[in-house]
2 protein chains.
Amino acid sequence: MATIREVAKLAGVSVATVSRVMNKNGYINEKTKDKVEAAIQELDYRPNDVARTLFKGTSNMIALFVPDIMNPFFPELARAVEDTANKSGYTFILCNTDNNREKEMKYLHTLLQKTIGGVVMVSSSIPLETLHKVDVPMVALDREIADMISVTVNNRAGAVEAVRYLQKTGCRRIAHISGPADTTSAAERKKGYLDVMQQEDGFCEKDYIAPGEYTFDGAYHAAKEIIQKHPEIDGVFAANDLMGVGVLKAAEALHLRVPEDLAVIGFDGIEIGKITTPALTTIGQPIYEMGKRAVEIIIDQMENDQKECDSEQYTVQLIKRQSTK
Amino acid sequence: MATIREVAKLAGVSVATVSRVMNKNGYINEKTKDKVEAAIQELDYRPNDVARTLFKGTSNMIALFVPDIMNPFFPELARAVEDTANKSGYTFILCNTDNNREKEMKYLHTLLQKTIGGVVMVSSSIPLETLHKVDVPMVALDREIADMISVTVNNRAGAVEAVRYLQKTGCRRIAHISGPADTTSAAERKKGYLDVMQQEDGFCEKDYIAPGEYTFDGAYHAAKEIIQKHPEIDGVFAANDLMGVGVLKAAEALHLRVPEDLAVIGFDGIEIGKITTPALTTIGQPIYEMGKRAVEIIIDQMENDQKECDSEQYTVQLIKRQSTK
DNA sequence: TTGAAAGCGCTAACAC
DNA sequence: GTGTTAGCGCTTTCAA
């Protein structure tokens, strides 16, 4: 790779002049500019980004922390973040945290040593004091984290809508497969479920809520067990689609017809809900849009210094498919 | 973030000495070493990786080019690459190419400007001459690319096994939903299908092969059409699992029972095949293992200079599930 | 065993 | 308008 010095030499100017034409700042004579551009062209010169970053003290890289990209909810988010970052000239770094604090801390330090430009956090259990010491723009995505700015969805209202819809289509005994208690989205969705169900006669929380940890297997086993114990259950609200699919699979194992014997509704609106049989009814989030917005906020913070923007909340939408009546 | 100079000052030594104790090279007095280490500790000093990279001329980042992380085949691969890279102290960059040459070229140049350490390519239509000019370790993964070292699977033999298995379980008229013609894995799988089928009486290639482009929708429509045109089809070999699931969905739309009326087998062994109803029989690849191996090769090339290693081929394995008899 | 200094490739004062 | 130069934070000769 050619360096700025070689370009300067070929064009017969100083490196400062080359730098000026590249960055379009300062005054440059038209003829000089042409000479420099010709030299750049001829050498196929591309400025070394590492040197630039060292000088500037901050890199044009944006990282995304997710629990695990193998969970089908995250690829779409990752895609949105990458596309948006790229569009503005930033490079995308993916970090799978496994919800592990050690890993997160290690990543954070590695990125800091690379003078990372910004971080989008879907997963973070990094201690508050560490976060405060770090002077890098961050935004929380899909859940709330410490006192970060966040981009989320109205989870509680979405859950209320899900349960009400189940009721409207005839379900009387509705169970909930819940997500991890320490994740705000899961907690909110559970609250929404309770908002509706606690108004029902004889509703007993313990009997109708089982933890599925946002995983397929977790939900499969949880659903199987709770339905066997309470055969009167005729509807299930799973806190995410992956678990919704797990419930579908459990219904199959129990020889229950969906939606006739058991109606199922999920949450998220990921692709996987379309390909199952029956296809999964769900509460859809604007996933791509949210990822995009998170990056826009980060970039805004990086480029301008206005840290004074607010959290944003998107609205969910009921997507009717075949797993409900 | 503290700098090496601050550490040197605090420890009462020169920056060279600090550098020496960090990198454990050159002679250092035990006492000096202790002083320096204490200073590092006290300041919570972490060397600036950008400066190191600038000096060294090559960074500790490894990139992965995939067509699209939203295709469920790639997250597992990405995960393998990331885990393996991290384990050796490298940072992972994800690049979605959309099989678009422009995008790939743009990525390549961006990474080159960051003095990227190595690249794992699942997708690349970058011209050979460009590739040759670039002095960065690269390996092709899951498919063959130009004259890169590759990590693949015995696709053709796997396809033969798939079709034979369909025959063994009673299928007489087996169709093939093929992948993109310009992708070596898809081409090999089609060859394997033909290896078997061309020995059958009255087999007509045109009637039984439909292109699905490795996508769910592509396969859904292709399968629907070909089966309607040739109702005698009683088995389908889809060139990948995503398409296999598409075929399952098509069968449902056509009111065909799987596997009684139509048996379906896929290729890849991704998670999604387990969650459908019926679960998808498939030819499994050791996906994680392959991703891991590709990175090991890259790192080997980066750290030692022995470019003389060979391509590697893994063996597939038949995974029987419910979509075949 | 340690320090001084050059230099990785770039940008931005500052001088002319 | 353009060139000279210091310096971003590090590593590595070369001297001492």
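The sequence lines fix the lettering, A, B, ..., with proteins before strands; numbering per chain opens at 1.
- Here the side chains of B:Phe74 and B:Asn96 are not in contact, with every heavy-atom distance at 4.5 Å or above.
- Distance CD1 (A:Ile4) to C1' (C:dG7): 16 Å, rounded to an integer number of Å.
- Here D:dC8 presents its P atom at 11 Å from CD of B:Glu6, a figure rounded to the nearest Å.
- Per the geometry, CE belonging to B:Met1 stands 8 Å off P belonging to D:dC10, to the nearest Å.
- Proximity of A:Met61 to B:Lys114: side-chain heavy atoms (C-beta onward) are separated by under 4.5 Å at one or more points.
- Position along DNA chain D of the nearest nucleotide to A:Glu30 versus A:Val15 favours A:Glu30 as the more 5'-ward residue.
- With contacts defined as side-chain heavy-atom distances shorter than 4.5 Å, the pair B:Asp98/B:Glu104 does not qualify.
- Side-chain proximity of B:Thr32 to the nucleotides D:dT2, C:dT2, D:dT12 is greatest for C:dT2.
- Following rounding to the nearest Å, A:Tyr27 (OH) and C:dA12 (C1') show an atom-to-atom distance of 16 Å.
- Mapping B:Phe55 and A:Lys56 onto DNA chain C by nearest heavy atom places B:Phe55 at the nucleotide closer to the 5' end.
- If you check every strand for non-hydrogen atoms under 4.0 Å, B:Val50 touches nothing.
- Using a cutoff of 4.0 Å between basic side-chain nitrogens and carboxylate oxygens, B:Arg79 and B:Asp83 are scored as salt-bridged.
- Regarding B:Gln113, its CD atom lies at a distance of 16 Å from the C1' atom of C:dC8, rounded to whole Å.
- Neither OP1 nor OP2 of C:dC8 sits under 4.0 Å from any side-chain N or O of B:Arg52.
- Between A:Leu54 atom CG and C:dG7 atom C1' there is a gap of 12 Å when expressed in whole angstrom units.
- OP1 or OP2 of D:dC8 has not a single side-chain nitrogen or oxygen of B:Thr3 nearer than 4.0 Å.
- Look at A:Thr17 and you won't find any side-chain N or O under 4.0 angstrom from OP1 or OP2 of D:dT2.
- Between B:Lys31 and A:Asn25, it is B:Lys31 whose nearest contact on DNA chain C lies nearer the 5' terminus.
- What separates CG of B:Asn48 from P of D:dC10 is a distance of 5 Å, to the nearest Å.
- Put simply, B:Ser14 has no side-chain N or O that comes within less than 4.0 Å of OP1 or OP2 on C:dA4.
- Contact annotation: B:Arg20 does not reach the phosphate of C:dT1 (side-chain N/O to OP1 or OP2, under 4.0 Å).
- Using a 4.5 Å heavy-atom cutoff, the side chains of A:Asn48 and B:Gln113 are not in contact.
- Here B:Asp49 lies out of heavy-atom contact (under 4.0 Å) with every strand.
- With rounding to whole Å, B:Arg46 atom CZ is found 17 Å from D:dG9 atom P.
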